[in-house]
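Here's the structure we're looking at; comments come further down.
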Amino acid sequence: MNTDNPLVLGIETSCDETGVGIVRGATLLSNTIASSMDEHARYGGVVPEVAARAHLEAMTPAITSALADAGVTLDEIDAIAVTSGPGLAGALMVGVGAAKALALAIEKPIYAVNHLVGHVGADVLRAPQQESDESSEVDGGRIQYPTIALLVSGGHTSLLLVRDLVSDVELLGETIDDAAGEAFDKVARLLGLPYPGGPEIDRAAVGGNPKAIRFPRGLSLPKDHDAHRYDFSFSGLKTAVARWVEKKQDAGEEVPLADVAASFREAVVDVLITKALAACAEYGVPRLLLGGGVVANARVREVAAVRAEAAGVALRIPPLSLCTDNGAMIAALGAQLIMAGHGPSGLGFGADSTLPVTDIQVG
Amino acid sequence: MLLAIDTSAGTSVAIVDPSTRAIVIERSTPDTMRHAEVIGTLLAEALSFAGIRPSALDGVVVGMGPGPFTGLRVGIAAARTFALGAGLPLHPMVSADAVARQEALTGASDTVMVVTDARRKEVFWSLYDLSAAEPVRLDGPGLAKPDALPHSDARRVDAAEIPAAQLALAAAGLLAAGLPLASDEALYLRSPDVTMPSGIKRVTQ
Ligand SMILES: [Zn+2]
């Protein structure tokens, strides 16, 4: 196998996106994403069985499309990488089954990897024209370690300390109830806005005052410092918004939608960025990487940029197409493992919905 | 040679020779909880035992269900990507056809109702005529309460496993006779389990 610059096909099915991506070493060649989001819209959230059915139908077309976009054929592929977890079990199983059989059919090794670490791995990817371009420093250059990573989506909200992408990742904290993306969905629903909630809340918040209402910042009190310093909680925030809205309605007053949306969003963003920068300070790591679909939220990026700069922390945000769940980040992590000399996974790994972040490679 | 994969009950993988109707290898487990874990190893063992490279096979037969487990999709996904990767045609089948063929091998020539567990106090059923050289599916697959099964005059055959080798040989029979196989769609026979969101609940009393 080419271990200097391996051609890796990555498969990702941990939530509602069927992602197939192809990389050569750290160069991104293609990134095909089929989303079942529209099918979940009428339910107001991701329905695991609906997502799993959609993965099955999207899988082979996504592989074919990723190969065509990359301009490569299956016999050129050096290895297959696949998300083993964490995520929705039934959804993960489709990707695991597909990846194992594909690897056997093309007689190539398989690398089973961690979805969350994959989000971090996305940041090593460069477009083909940037590959030999020394001036790629303009986009901040290559990711450096150690780095703090804040990974926020509808499925996870995790704060990691990444000392080395392929060998040393520590979980500092995660949500103890809803993921941040779920909080956006639930608050959007109680404000009468459609799914997915992130972009809807953004739209509603235009012109709103983010300081109009002081919603609670979960797990941010001094008493939370010991047990939950880097953990997140968004279910209390959701209830606080509901209570505030009901009070207005009961009083027969109009609900100031823009102010509620802006203030809610500010509470989420504030707690995310405050905790991430606190970790940077405590661990003496002046680098912060953002990942996950919630990074698409413009306010998250704005606040992160302003506050990271004030704190002297270098902020890295991969392109949005690599922040949302995708196969290229899985391929990228697989390629990094190969280039670091790690052997392939055995064939016996499964779909592990609660795979710990310390398990960068499975099997 | 045909490779067959079925994960509608446990996990079963086989390689058969359609010209001689010989079963080269069949590797199975009745475990209904570990489809994703075992599929790779069973495939690798079958290929290794048969001493055949993937691209030297002639096709991939796959059981499309019905099956009640999330594992049903593992075999279908695996069969589809294996066929894609090895450049082989895919032959989708109704999984219960394998049970009917196995029953015919015992010498039976009557009409049988193949019944498998669908969980949630329901069963999947398919009706077969075993009087010809190869079983003919007369009705089904369907989903029913156990006490509301149709064709109560047919002899009932309960099955907990789907033998992939018989699935492959059943497919070979249909292909040789120029008969249609199943459609390339998973046979869930149930809508996804979803509850529509109810009205927004008050949090203040
Ligand atoms: Zn994710």
Side-chain angles (χ1 to χ4, degrees), chain A residues 11 13 39-40 42-45 47-53 55-57 59-60 63-64 74-75 77 80 84 89-108 110 189-192 195 238-243 245-247 250 345-351, chain B residues 3 5 7 11 13 33-48 53-55 57 60 62 64-65 69-88 90 184-186 188 190-205:
Chain A
I11 294 177
T13 62
E39 295 173 56
H40 304 285
R42 62 198 185 107
Y43 306 114
V47 181
E49 175 68 15
V50 172
R53 290 186 181 193
H55 284 308
L56 179 61
E57 298 322 311
M59 182 56 65
T60 40
I63 294 170
T64 305
L74 275 174
D75 43 76
I77 298 288
I80 303 295
S84 174
L92 288 165
M93 285 164 67
V94 176
V96 169
K100 285 182 179 178
L102 183 60
L104 284 166
I106 64 172
E107 302 177 276
K108 293 294 162 59
I110 188 166
R189 209 163 85 75
L190 72 89
L191 293 176
Y195 173 89
K238 176 198 67 194
T239 309
V241 175
R243 195 166 281 143
V245 168
E246 284 165 14
K247 206 171 147 196
D250 290 352
S345 303
L347 285 169
F349 67 89
Chain B
L3 171 72
I5 301 172
T7 58
T11 302
V13 170
M33 300 298 289
R34 291 171 49 82
H35 304 92
E37 285 85 344
V38 302
I39 187 74
T41 312
L42 295 187
L43 276 169
E45 286 172 0
L47 288 164
S48 162
R53 294 187 67 177
S55 56
L57 291 162
V60 181
V62 56
M64 303 303 290
F69 310 104
T70 54
L72 170 64
R73 282 183 285 265
V74 172
I76 299 172
R80 285 178 177 170
T81 59
F82 193 96
L84 176 72
L88 303 172
L90 186 73
D184 186 18
E185 278 174 36
Y188 298 114
R190 265 193 196 119
S191 296
D193 225 9
V194 281
T195 42
M196 288 299 281
S198 51
I200 295 157
K201 288 191 214 79
R202 280 185 65 92
V203 296
T204 30
Q205 300 308 311

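Heavy-atom basis, side chains included; hydrogens, waters and symmetry copies ignored. Residue numbering restarts at 1 for every chain, and letters A, B, ... go by the order of the sequence lines.
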(message) I'd like to know which of B/H35, B/R202, B/E185, B/R53 tops the heavy-atom pair count under 4.5 Å against chain A.
(response) B/R202
(message) Measuring from atom CG of A/D75 to atom OG of B/S55, what distance do you get when rounded to the nearest 0.5 angstrom?
(response) 10.0 Å
(request) Tell me, out of B/G85, B/A86, B/P192, who's got the most heavy-atom pairs with chain A below 4.5 Å. (result) B/P192
(request) Find the one option among A/G346, A/A103, A/G97, A/G45 whose heavy-atom pairs under 4.5 Å with chain B are most numerous. (result) A/G97
(request) Enumerate the residue pairs fulfilling salt bridge (charged side-chain N to carboxylate O under 4.0 Å, His left out) with a member in residues 74-88 of chain B, sequence neighbours excluded, ordered by first and then second residue. (result) A/E57-B/R80, B/R80-B/D184
(request) With a 4.5 angstrom heavy-atom cut-off, could you sort out which part of B/S191 is near chain A: side chain, backbone, both or neither? (result) backbone
(message) Go through it in stages, so that I can follow the logic: the residues are A/T64 and B/L84, the test is side chain to side chain contact (heavy atoms under 4.5 Å, CB included), and I'd like the CA-CA distance, side-chain angles, deciding distance and then a yes or no.
(response) CA-CA 9 Å; A/T64 305; B/L84 176 72; 3.9 Å; yes
(message) With side-chain contact (heavy atoms from CB on, under 4.5 Å) as the test, pick out the partner of B/T81 among A/I80, A/L104, A/T60, A/L74.
(response) A/T60
(message) Could you walk me through whether B/T70 and A/M93 satisfy the side chain to side chain contact (heavy atoms under 4.5 Å, CB included) test, starting with their C-alpha distance in whole Å, then the side-chain angles of each, then the deciding distance to 0.1 Å, before giving a yes or no?
(response) CA-CA 8 Å; B/T70 54; A/M93 285 164 67; 3.6 Å; yes
(message) Using the side-chain contact (heavy atoms from CB on, under 4.5 Å) criterion, which residues pair with A/S345? Sequence neighbours excluded.
(response) A/A112, A/F349, A/Q361
(message) Only pairs of heavy atoms separated by less than 4.5 Å count here; which of B/A77, B/G75, B/G87 has the most with chain A?
(response) B/A77
(request) Check whether A/D250 gets within reach of chain B through its side chain, its backbone, both or neither, counting any heavy atom under 4.5 Å. (result) side chain
